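In listed order, ligands and their atoms are each counted from 1. What you see is a predicted model, and the numbers here were worked out from it, not measured in a lab.
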Amino acid sequence: MKLEQIMNNLEAKHPGESEYLQAVREVLESLQDILADNPQFETAGIIERLVEPDRILTFKVSWVDDSGKVQVNLGYRVQFNNAIGPYKGGLRFHPSVNLSILKFLGFEQIFKNALTTLPMGGGKGGSDFDPKGKSDHEIMRFSQAFMLELWHIIGPQTDVPAGDIGVGGREIGFLYGMYKKLARENTGILTGKGGNWGGSLIRPEATGFGGIYFLKEMLEANNDSLDGKVISVSGFGNVAWGAALKAVEYGAKVVTISGPDGYIFDEAGISGEKIEYLLELRASNNDVVAPYADEYPDAKFYPNERPWGVKVDIALPCATQNELNGDDAAVLIANGVKYVGEVSNMGCTPEAIDVLHNAKIPYGPGKAVNAGGVAVSGLEMSQNSMKLNWSAAEVDEKLHTIMANIHAACVQYGTEDDGFVNYAKGANIAGFLKVANSMMDQGIV
Ligand code: 2IT
């Protein structure tokens, strides 16, 4: 079946699932040539089988808040594709969560996980639960109630969830505690665990570190370096924190962070204790960045604005999907941006990607740039299987190598006739080939 027809069928079957349809379209548009060269994929219905999840579990999560009121949320796990390994991907707790968002994230995860070269399939899950302003006890009770349903379908060899927006070390702890109680076993059922009970060193930093390792390769491919570069970052969670730590280590200056309330511009650069302060901001559970400007009065807070109007060399969306649009990309280019690295999942809209590509600005897509997080999750699974812990240096070195290899794969499959690297196309093709060939090997299932 022709790609356009597959896309039309999908739109008819899943009307309104805009993020999911956007993610699928973006990948399919990259695959035209590869599919023409490999007719066996069409014969085996690879695309039709790849774009629909294997299965989706939807469930109700009832819990009691601190005032004694009963709350009801929705929970989901999308098991998308397990051609190359157990379903693997994070859990997102955020009021915006719906099936479209989790299907887009699960679909992206298939290719991202393939790019890491580790044996992990693609999945995603979460809930519309809003952690903002909740007490630790409320978060615990919700996490426990969520796991009461989820535990039936996960397992170290079947499906291994992790964190995403709204799910960090604290939530993984509560989820793991409940799983252990129900299953009566200690297994590598989740990644992002605490260091004392099976977690991997470097996992909290991994997405940000990996993003900067990828960026470093990207700059070196252009005979450039991070030293002295001015960077804008959005978000202020784990990902932004890790990216800032590593960017500063390489001599770059990070001048922005952002939250749902607006953005912070810190001309002197966010370094040292200011980076650690991000963790405090996050732990306060209020989801705002404004207090940064109270703590560091030289910095300025811009309410209800995103950071893309600031003049920088490199822009790193680190917050959420579709956070940088075509107009933002045009402003960045007018201000002389040289590189864009998407550390969030699908942080750029299709229009933004077009604007960047038309201006020949190297753009690294999320499924390549942010793959370091799930890569270290894969390394956590390896350590759990061996019942051994690697040192931070060992994990970091493996992460660095994986990111360099992902960059090389993007260059291999994404270099155009004029030498410009279309990283999005390269990542899609490299990830797709591994998954499609695995599906071919395993028959029609
Ligand atoms: O988007 C992602 O890759 C993650 N949230 C991490 C997934 C994982 O399984 O570590």
Flag if over 12 foreign heavy atoms under 6.0 Å of CD, Glu416: yes
Residue that, paired with Trp63, satisfies side chain to side chain contact (heavy atoms under 4.5 Å, CB included) out of Glu138, Gln144, Met140: Glu138
Under 4.0 Å to a heavy atom of Ala162 - the qualifying atoms of ligand 1, by number: 8 (C), 9 (O), 10 (O)
Test: Asp224 and Lys338 ion pair at under 4.0 Å: no
N-O pairing of Lys103 and Glu17 below 4.0 Å: yes
Enumerated ligand 1 atoms positioned under 4.0 Å from heavy atoms of Lys124: 1 (O), 2 (C), 4 (C), 5 (N)
Ring-face cation contact, Phe93 with Lys134, 6.0 Å cut, 45° max: no
For atom 3 (O) of ligand 1, closest protein heavy-atom neighbour: Lys112 NZ, 2.7 Å
Stepwise side chain to side chain donor-acceptor pair (under 3.5 Å) test for Asn186 and Tyr176: CA-CA 9 Å; Asn186 259 297; Tyr176 189 81; 2.7 Å; yes
Among Asn113, Asn345, Asn428, side-chain hydrogen bond (donor to acceptor under 3.5 Å, both in side chains) partner for Lys367: Asn428
Element-labelled atoms of ligand 1 that are located less than 4.0 Å from some non-hydrogen atom of Gln109: 1 (O), 2 (C), 3 (O), 7 (C)
Atom indices of ligand 1 within 4.0 angstrom of Asn345 heavy atoms, with elements: 1 (O)
Atom 7 (C) of ligand 1 [closest protein heavy-atom partner, distance rounded to 0.1 Å]: Gly90 N, 3.5 Å
Within reach of ligand 1, part of Leu105 (heavy-atom separation under 4.0 Å): neither
Per-atom contacts of ligand 1 with Ser377, taking only distances under 4.0 Å to non-hydrogen atoms: 8 (C), 9 (O), 10 (O)
Ligand 1 contact on Arg203 by region, counting heavy-atom pairs under 4.0 Å: side chain
Gly163 heavy atom under 4.0 Å from ligand 1: yes
Taking atom 9 (O) of ligand 1 as the reference point, the nearest protein heavy atom with its distance: Lys88 NZ, 2.7 Å
Shortest protein heavy-atom distance from atom 5 (N) of ligand 1, along with the residue and atom involved: Asp164 OD1, 2.9 Å
Any Met120 heavy atom less than 4.0 Å from ligand 1: no
Sidechain N-carboxylate O distance under 4.0 Å for Asp313, Lys229: no
Note: Glu205-Lys246 ion pair, threshold 4.0 Å (strictly below): no
